[in-house]
Structures are given as C-alpha cells and as structure tokens.
> 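I am attaching a structure below and will ask some questions about it afterwards.
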Amino acid sequence: MSVGAARGAQDRASMSPVAGGPSVSGFLAASTAQIVHALDEWIRIPSVAADPERTADMLRSARWLRRRLRDAGLSSRLLRSGESAAVYAEWLVDPDLPTVLVYSHHDVRHAKAEEWHVTSPFAPTVRDNRLFGRGASDAKGQVMAHLWGLRAHLAATGRNQPAVNLKLLVEGEEEIGSPHLAELLDRHRTELSCDIIVFSDTVQWQREAPAVVTSMRGVITGSLSITGAARDLHSGAVSGAAVNATHVLAEVVGGLHDAEGRVTLPGFYDDVAPLTPERREELAELPYDDDSWTARTETRGVTGEAGYTVPERLWERPSIEVLSLLAGDPEGIARAVIPATAQAGLSIRTVPNQKIATVAEQLREYVRQRTPETVTYSLEVDEELSQPPYVTRRGVALDCLERAIAAGFERPTGLRMGNAGGGPADLLARTLDADVLFLGTGLPEDHWHAGDESIDIDMLLRGAASIAHLWSELGAMRPADLR
Ligand SMILES: [Zn+2]
C-alpha cells in the first residue's frame, strides 16, 4: 500500500486533536509533574539485575508496573523468567488492526555508591531538568514514555482505545543478557505474536536533532585468565627472572589493535558487510563534531579505526574492548608479590554478516597465537548469551516511525543513526517473525550503567509524544503492510 493510500485510511486513526481537546504535546506538558513523580517512585524500587538480595525488589518493581499499566487501561500478568519477573500487558482492540509488541526492561544495573555525586542511585533528584537515579534512562524512563505516550494518544485523538492492538513485554533480565528470554518467547509465542515490534531501550542522537535508529550492533563477551605461577610469588625473591602473568596479559590485550586502530583478530573483518555509500551519506548528515561528542560522552579523546568517521565506528564497524583487568592486590594491603594469575574481561561488538561462532574462534586463535608457552591460560567465550546485530528493514513501518518522531519532536527529521550497544532485537524478530523498529528516549550523555544516570525530562516528553503519534501512524496501516 502506498503512503497516500495509507493516509486515506486515517479515518480509523485520526491524528488531529479532538475539537477542544488537548494536543499530544499539550497533554504531556500538562502531565509532566505526574510523569516525573511516577518515574521517581519506580526508581526507588532497586530492581537490580541478578542480585539475589534484590529478588523481592524485582517482584515489587514488576507489581508496581502492573498497577500503572492497569491505570493506563491495559490488562497484565507476570511471566517468570529465571529468578526474575517479566511483565506482559495487552490492550487488544480489533483483529483487523495492526498488532504492536513493545519490548523494554525494568531491571537495572548495579550502582556503585561512590560514583554517584548528584544523588544516591535509588533516591531520585531533579536537577537542570533532568531526573537522576538508576534506571531513569535505562530503561524505566523509556517504559514511562510508553505509558504516557498511550495516554496522550487517547487524550489527543479522543479515542477510548488505542488505534492499534497493543502488547508490552517488559523483561527483568536485560542487563544480564536476557538469559531466559528465548525460552520465554518460545513459551508465549502465540500470546506475543504481532505484526511489528517496537524496541525501546536505545538512545537518540540529540534533543534538537532527532534521528531514527535503524541498526543495532551485536555483542559477544569473553574472559581471559593467564596463569604464570602456581601461587603468588614474593617479588623480592624472583623479580627479574620469573614470568609475570600481568605482563603477558598486558601484551595480549595491548595487541588487540594495530597502529591504525584495526582489530587484529585473524580474519576479523573477512565477513564484515561493507559499508554502503548510501549508509555513509545518511550518517554524514548527522550533526557531529569531535569536541561536542567528547564533551557529551565525557571521554578524553577520540580513537578507533582509521578511514571511518566516529558515527561509522560506533554503529557500522565491529570493535573489541577490554572491560576489566584484574591482578594482584588492587585493594587492601599490598603483599609485594608477583600475581600468579591475571584476568581480562572482553567485549566484542559485531555488525551484519559476522557470525558468533566464527568471531569466537577468531578470538581463540588470536589468544593461542599471542600467548607464550611460559604461561597457561583459559579463555571463556559466552556464545550462549551473545547477541547478533540487527538492521531495520526499509519500508512502510519505518516511514511511520519517521513521521511519528518528526511529530513528537516537532521538527523534520530524516536523520538516521545506529545503536552502538546490543540487545535482543534479532532474537525478538526471529522468534516472533516480525520486524523491529527502534524508538528510544535516552541520550549518549545519560550515563547508562555508570554513576549519576539521568534522563532529560524534555526527551522523555518528546519520546512519549513520538509514541502517541506512532500508534496513530501504525493504526492507519493494514497489518499486512507492516510485514
Ligand atoms: Zn537497557
């Protein structure tokens, strides 16, 4: 169906505000205090992923969300996933309308109290029009954008039910790699069936330059442990003559990149889908400069693969990072010993055509080649919890999203970007046999997973407004057009 024909179908899903009723943005502006209050309340429940002491809080968080979903008009239930709880909610209107499944999560990352300066992680504070607290942006704020986006959609269109059949899956294990999501999707495949998936756990480019995310990188994690001695050795006794696991590990991780910033795993780039001239052009249109990007991300400098711009490095090229190094006595009283073992945590971001098993083998081969016979090592690659990349298909659904974001941010868009981090987009798309659209309300400066996480309240409102418009846009389509 052409966009023109789709427009003709809009009697079913009028976007024009009801006479005398509020506009989407007017409704959200008038509701700001309530939205912030609700998010504040939810953040106070420390639903920390995979923390046995927080299992009860995880359930509390799920129950809190169910109450809020009920207030917004959805029926819901808890779905168990491992030790955690996912919330499933729905509002089914008419089988002839498109069915949308929203995916997000209510678990949050562990918070190190000493890294929080504005407020403590579970006692939110508003400062400079930002709400600070763990999960404010990743991803409780994104779920709140859905709750209030739905309300704004109903208020502004004068409807008593949404323009689409709505399903929401808010899981409780995203931050630990969604270990039970595949099983959950499989078990509830019929219930979760849909024409399109809206994935809300991503960031936007800039408040003033909204862009549509059309790709997500994959992720593979691993850990390397090198052993140089049977036990820690008194450095005074053996220094200068005994092999030091720390030095060997430093050489192995130091060799992961060449002087051009290219990853040195053998064959690493062989399968990488070449960057198309069209994608290069799209990304080149984003307003970008090193200074503002380093300021926003609070990094000291730009690095990476020669021959590619920073947006290309972030979203279109694969990467490898050392996320942790552990050896010796990093805390407490030093014992003047050469550590017997040294460990590194590794994270690989993958792009289309790279296969998990192949990349895992390339990492194993690299470590094999680079590790001298004077040490032993073990390398664990978590293939089970690895996530493949995802690219959104161009078509009617993406056009709907583009128009909804333009309306929600009240400015023409047309800009495209990617999402540097991973997530279960590919898993959702494959299991439910539906395309994924990305619609997130975070910003790169939100400090996800780190101290002083916050969400820009304007972004929250604009995200909610985009969602309100998206239900009208998708509701004007026939289900078959979205598939
Ligand atoms: Zn997240």
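First listed ligand is number 1; within each ligand, the first listed atom is number 1.
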> Could you label the plane-to-plane angle of the Phe199 and Phe438 rings as parallel, tilted or perpendicular, counting under 30° as parallel and over 60° as perpendicular?
perpendicular

> Going by an N to O cut-off under 4.0 Å, is there a salt bridge joining Arg109 and Glu115?
no

> Going by salt bridge (charged side-chain N to carboxylate O under 4.0 Å, His left out), name the residues that satisfy it together with Asp57, two or more places apart in sequence or in a different chain.
Arg54, Arg60

> Protein N/O/S atoms under 2.8 Å from the Zn ion (ligand 1): how many?
4

> Does the pair Glu191/Arg77 count as a salt bridge with the N-to-O cut at 4.0 Å?
yes

> What orientation do Trp205 and Trp315 show, parallel under 30°, tilted 30 to 60°, or perpendicular over 60°?
perpendicular

> Would a 4.5 Å heavy-atom cut-off, applied to side chains only, mark Ser178 and Leu427 as touching?
no

